[in-house]
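Working notes, structure below.
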There are 2 protein chains.
Amino acid sequence: MSVEVQAKAGKTRLRLWLKLLKTSNAVETALRDRLRTEFGTTLPRFDVMAALARSPEGLKMSELSRRLRVSNGNVTGIVDRLEVEGHAERHAVAGDRRAMEVRLTGKGRAHFDTLATAHEAWVNELMGAITEAEAARIMEDLDSVARDLEEKR
Amino acid sequence: MSVEVQAKAGKTRLRLWLKLLKTSNAVETALRDRLRTEFGTTLPRFDVMAALARSPEGLKMSELSRRLRVSNGNVTGIVDRLEVEGHAERHAVAGDRRAMEVRLTGKGRAHFDTLATAHEAWVNELMGAITEAEAARIMEDLDSVARDLEEKR
DNA sequence: CAAAGATATTTTAAGCTTGAAATGAATCGG
DNA sequence: CCGATTCATTTCAAGCTTAAAATATCTTTG
């Protein structure tokens with residue numbers, strides 16, 4: 001590839017990145033707004049609840065942190081707040097006094113079901129401009145970026 | 001479209017959103033890491049400097065806030081820190097004692113040039129898995145989402 | 001001109017986020 | 001068994017972010 005063509009591809013990727021960032025920020029902001037105004041909650045709390053909903057047996061703090069790719073200290077704070085709300089509970093882990101298992105409460109599960117339904121509808125509304133065929137194609141491209149990034153880690 | 005096909009397209013869009021979010025978070029985290037470890041700065045400061053670099057005559061606080069789509073209070077804090085570092089300066093605006101014009105200092109401009117060069121190379125490295133043709137196509141799709149979101153605002 | 005409304009910015013309170021340090025507990029090698 | 005290391009979690013300090021309230025100034029209108 002010539003130097004000129006390389007430079008052009010570079011500028012195109014930079015533009016793509018800026019647009020990708022702008023679009024995902026716009027969608028994310030809309031979701032945060034709606035979670036806040038319609039349900040008085042936040043995206044981080046929703047994310048933690050979603051992870052817990054997929055593991056009814058409970059998850060250790062470190063496992064939650066690993067799955068959501070956020071720091072341990074971050075999970076501590078979010079679970080603290082979910083506990084205050086009565087949506088999650090910490091339980092001692094038999095055989096390891098260092099660890100804590102976190103579970104949704106009944107109230108938390110019911111609340112999450114409501115949130116998840118609304119969330120899926122919102123995403124569909126916000127991303128309505130993309131057809132299924134386009135979605136599949138973009139996902140493939142993003143997958144190749146994600147795989148690349150995974151390797152670098 | 002049948003109910004079944006609609007539901008399927010809905011699930012595909014949700015998956016696309018989750019992948020979009022994951023990928024852009026991964027790229028953004030890599031960029032934040034490198035700005036921090038290699039230059040001791042942050043993405044918000046980089047973003048403000050980038051906006052200021054494009055307007056050498058200076059920008060008012062409110063204009064900065066509007067362009068970056070962040071709150072006024074947020075800009076106050078970031079500009080405070082850039083000022084402490086000696087990378088930006090606030091100036092009174094002739095004819096409006098409420099307003100402040102912000103500009104990069106000479107030091108700030110030199111610093112930003114270094115950052116911007118590194119930033120562009122990083123984005124190219126991180127998004128290297130995407131060819132120019134794919135990039136162009138994805139940008140079109142994202143544009144349609146962004147336009148849609150613009151209208152909803 | 002004075003009151004009312006609009007505009008520019010800062011302040012405040014609350015939450016999210018991180019990396020690093022601290023704590024307490026488990027495990028491992030000798 | 002004991003000292004060293006590793007592991008799970010929390011605490012801490014700093015920065016980013018927002019919405020809402022507070023300030024100060026400008027503009028419009030009666």
Side-chain angles (χ1 to χ4, degrees), chain A residues 21 25-26 28-49 58-85 87-102, chain B residues 21 24-26 28-49 51 58-85 87-102:
Chain A
L21 187 59
N25 280 344
E28 195 174 328
T29 299
L31 294 174
R32 281 182 199 275
D33 266 8
R34 293 177 186 194
L35 281 174
R36 185 177 61 83
T37 59
E38 300 194 17
F39 295 104
T41 191
T42 65
L43 203 46
R45 303 216 263 253
F46 177 77
D47 290 341
V48 167
M49 294 183 86
L59 287 175
K60 290 200 292 185
M61 294 296 281
S62 47
E63 183 58 21
L64 215 34
S65 160
R66 200 186 60 72
R67 292 199 191 187
L68 301 176
R69 296 161 201 275
V70 300
S71 66
N72 286 345
N74 192 355
V75 172
T76 296
I78 296 168
V79 170
D80 284 352
R81 284 178 280 269
L82 287 175
E83 247 181 341
V84 169
E85 293 173 351
H87 290 138
E89 286 172 342
R90 280 174 169 95
H91 296 277
V93 172
D96 190 343
R97 284 180 298 171
R98 293 169 306 180
M100 297 297 264
E101 201 106 59
V102 189
Chain B
L21 188 58
S24 78
N25 279 343
E28 194 174 328
T29 299
L31 294 174
R32 280 182 200 276
D33 267 8
R34 294 177 186 194
L35 281 174
R36 185 178 59 80
T37 59
E38 300 193 18
F39 295 105
T41 192
T42 65
L43 204 44
R45 303 215 267 250
F46 177 77
D47 290 341
V48 167
M49 293 183 85
L59 287 175
K60 290 200 293 183
M61 294 297 281
S62 48
E63 183 58 20
L64 215 33
S65 161
R66 199 186 61 72
R67 293 199 190 186
L68 302 176
R69 295 163 203 274
V70 301
S71 67
N72 285 345
N74 192 355
V75 172
T76 296
I78 296 168
V79 170
D80 284 352
R81 285 179 280 271
L82 287 175
E83 247 182 341
V84 169
E85 293 172 351
H87 290 137
E89 286 172 341
R90 280 174 169 94
H91 295 277
V93 172
D96 190 343
R97 282 179 302 170
R98 295 169 304 180
M100 296 297 263
E101 200 108 58
V102 189

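Throughout, a chain's letter reflects where its sequence line sits, starting with A, and its residues are numbered from 1. Bear in mind the structure is a predicted one, so any value in this text is a computation, not a measurement.
- Across all their heavy atoms, A:P44 and A:R32 have their closest contact at CD-NH1, 3.9 Å.
- Atom CZ in B:R66 sits about 13 Å away from atom P in C:dT9, given to the nearest Å.
- B:S65 and B:N72 make their closest contact through OG-OD1, 2.9 Å (heavy atoms, listed as atom of the first residue, atom of the second, distance).
- Bounding nucleotides for the chain A contact on DNA chain D, 5' to 3', at a heavy-atom distance below 4.0 Å, are D:dC7 to D:dA19.
- Each of B:R98 and A:T76 lies near DNA chain D, and the nucleotide nearest A:T76 is the one positioned closer to the 5' end.
- Among the protein residues, B:V75 comes within range of no part of the nucleic acid, since none of its heavy atoms lies under 4.0 Å from any strand.
- C:dG15 atom C1' lies 14 Å from atom CG of B:N74, rounded to whole Å.
- The two atoms that bring A:D47 and A:L68 nearest to each other are O-CD2, 3.9 Å, heavy atoms only.
- Using a 4.0 Å heavy-atom criterion, one finds that B:S65 contacts no nucleic acid atom at all.
- Looking at A:E83, its side chain does come within 3.5 Å of a backbone N or O of A:R90 through a donor-acceptor pair.
- Of all non-hydrogen atoms in B:L59 and B:A51, the two that sit nearest each other are CD1-O, 3.8 Å.
- Within 4.0 Å of B:S62, counting heavy atoms only, lie sugar-phosphate atoms of the nucleic acid but no base atom.
- Following rounding to the nearest Å, A:D47 (CG) and C:dC16 (P) show an atom-to-atom distance of 11 Å.
- Between the P atom of C:dG24 and the CG atom of A:N72 lies a distance of 18 Å, rounded to the nearest Å.
- The shortest heavy-atom contact between B:G40 and B:R45 is O-NH2, 4.4 Å.
- Each of B:V93 and A:D96 has a nearest nucleotide on DNA chain C; the 5'-most of these lies closest to B:V93.
- Rounding to whole angstrom units, CE of residue B:M100 and P of C:dT10 are separated by 6 Å.
- We find that CG of A:D80 is positioned 10 Å from P of C:dC16, with the value rounded to whole Å.
- What separates CG of B:L31 from P of C:dT18 is a distance of 15 Å, to the nearest Å.
- DNA chain C is contacted by both A:R97 and A:I78; A:I78 maps to the nucleotide lying nearer its 5′ end (nearest heavy atom per residue).
- Protein atom CD of A:E85 is 12 Å distant from nucleotide atom C1' of C:dG15, rounded to whole Å.
- Nucleic acid contact class of B:R36 (heavy atoms, under 4.0 Å, all strands): sugar-phosphate only.
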Show your reasoning for whether side chain to side chain contact (heavy atoms under 4.5 Å, CB included) applies to B:V48 and B:V75.
-> CA-CA 8 Å; B:V48 167; B:V75 172; 5.6 Å; no
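- Nearest-nucleotide positions on DNA chain D place A:R90 closer to the 5' end than the other of A:D33 and A:R90.
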